[in-house]
Amino acid sequence: MADNARAKKLADLIREVVAEKLQRGIKDPRLGTHVTITDTRVTGDLREATVFYTVYGDDEDRASAAAGLESAKGILRSAVGRAAGTKFTPTLTFIADALPENARTIEDLLDKARASDAQVRQASSGATFAGDADPYKKPGEDEAAE
């Protein structure tokens, strides 16, 4: 079992090697400059690596990029093996990162909250207090009223 520091170091190396190879080494038109490697995680035994990626574009671009990454998996694993110099090169699994969709959902929720705050601010702009300015009784007021 490898320690976490070694797994983190290998994950960072895999992320850099895969990103560099996608940018300069693979001539597949499906993997143009619109694929971004966002994160890489390696299991504790250094046998499997999960590479998270995002694709700039529509659903068709995402599907073609996924097919391109699947077909280039062997080339990318070979490049990682040369760069890492370990006894066993981890197998690569590519997963589309849900970060852009999550960010879009959070932005939508924040927009709804801002709209709700604006409605409350508008409704309370001309409002007054329900009672007197000072609703608390002060000592001596009851005796003065009698």
Side-chain angles (χ1 to χ4, degrees), residues 1-139 141:
M1 204 64 175
D3 59 356
N4 287 338
R6 187 171 178 197
K8 175 76 171 129
K9 187 175 177 181
L10 183 61
D12 290 342
L13 178 74
I14 291 171
R15 182 174 39 87
E16 291 174 11
V17 168
V18 169
E20 180 71 25
K21 193 72 172 170
L22 285 175
Q23 179 121 22
R24 299 199 177 147
I26 296 180
K27 307 242 185 296
D28 192 345
R30 298 175 291 185
L31 301 174
T33 58
H34 56 274
V35 176
T36 304
I37 304 300
T38 57
D39 192 19
T40 307
R41 295 186 186 146
V42 178
T43 59
D45 60 356
L46 306 178
R47 295 277 182 170
E48 297 175 13
T50 305
V51 180
F52 295 93
Y53 68 94
T54 59
V55 178
Y56 182 74
D58 57 359
D59 290 334
E60 184 180 323
D61 291 336
R62 289 185 192 101
S64 66
L69 285 171
E70 196 63 34
S71 70
K73 190 183 285 191
I75 296 169
L76 294 172
R77 187 172 179 217
S78 297
V80 167
R82 280 192 302 274
T86 57
K87 183 177 180 180
F88 181 81
T89 303
T91 59
L92 301 177
T93 305
F94 292 96
I95 296 179
D97 200 354
L99 183 69
E101 289 82 17
N102 291 344
R104 196 172 309 118
T105 303
I106 290 171
E107 281 298 320
D108 291 342
L109 291 173
L110 287 173
D111 288 341
K112 287 180 185 176
R114 284 186 200 107
S116 175
D117 287 348
Q119 287 176 347
V120 168
R121 197 175 305 114
Q122 182 190 20
S124 67
S125 64
T128 58
F129 291 106
D132 295 335
D134 188 10
Y136 299 104
K137 290 184 181 180
K138 295 185 174 74
E141 283 185 355

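None of these values were measured; they are calculated from a predicted model. For this chain, numbers begin at 1 and follow the sequence in order.
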Would you call Lys8 and Asp12 a salt bridge, taking side-chain N to carboxylate O under 4.0 Å as the test?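 Judged by the 4.0 Å cut-off on N to carboxylate O distance, Lys8 and Asp12 do form a salt bridge.
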
Pair Val17, Glu20 - check side-chain contact (heavy atoms from CB on, under 4.5 Å), show working. CA-CA 5 Å; Val17 168; Glu20 180 71 25; 5.9 Å; no

Over all atoms of both residues, closest heavy-atom pair of [X] and [Y]:
X: Leu10; Y: Ala84; answer: CD1-CB, 3.9 Å
X: Val55; Y: Ala65; answer: CG2-CB, 3.6 Å
X: Thr38; Y: Arg15; answer: O-CD, 4.3 Å
X: Ala7; Y: Thr43; answer: CB-O, 4.3 Å

Contact between [X] and [Y] at the side-chain level, heavy atoms closer than 4.5 Å - yes or no?
X: Leu46; Y: Thr86; result: no
X: Leu92; Y: Ile14; result: yes
X: Val18; Y: Phe94; result: yes
X: Lys21; Y: Ile75; result: yes
X: Arg114; Y: Asp117; result: no

When rounded to the nearest 0.5 angstrom, what is the spacing between [atom1] in [X] and [atom2] in [Y]?
X: Leu110; Y: Thr105; atom1: CG; atom2: OG1; result: 11.0 Å
X: Phe52; Y: Thr40; atom1: CZ; atom2: OG1; result: 8.5 Å
X: Ser116; Y: Lys112; atom1: OG; atom2: NZ; result: 11.5 Å
X: Asp39; Y: Ile95; atom1: CG; atom2: CD1; result: 10.5 Å
X: Leu76; Y: Leu22; atom1: CG; atom2: CG; result: 5.5 Å

Is there any salt bridge (charged side-chain N to carboxylate O under 4.0 Å, His left out) pair reaching into residues 71-89, and which pairs are they, with sequence neighbours excluded?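 Every salt bridge (charged side-chain N to carboxylate O under 4.0 Å, His left out) pair that includes a residue of residues 71-89, provided the two are not neighbours, is Glu70-Lys73.
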
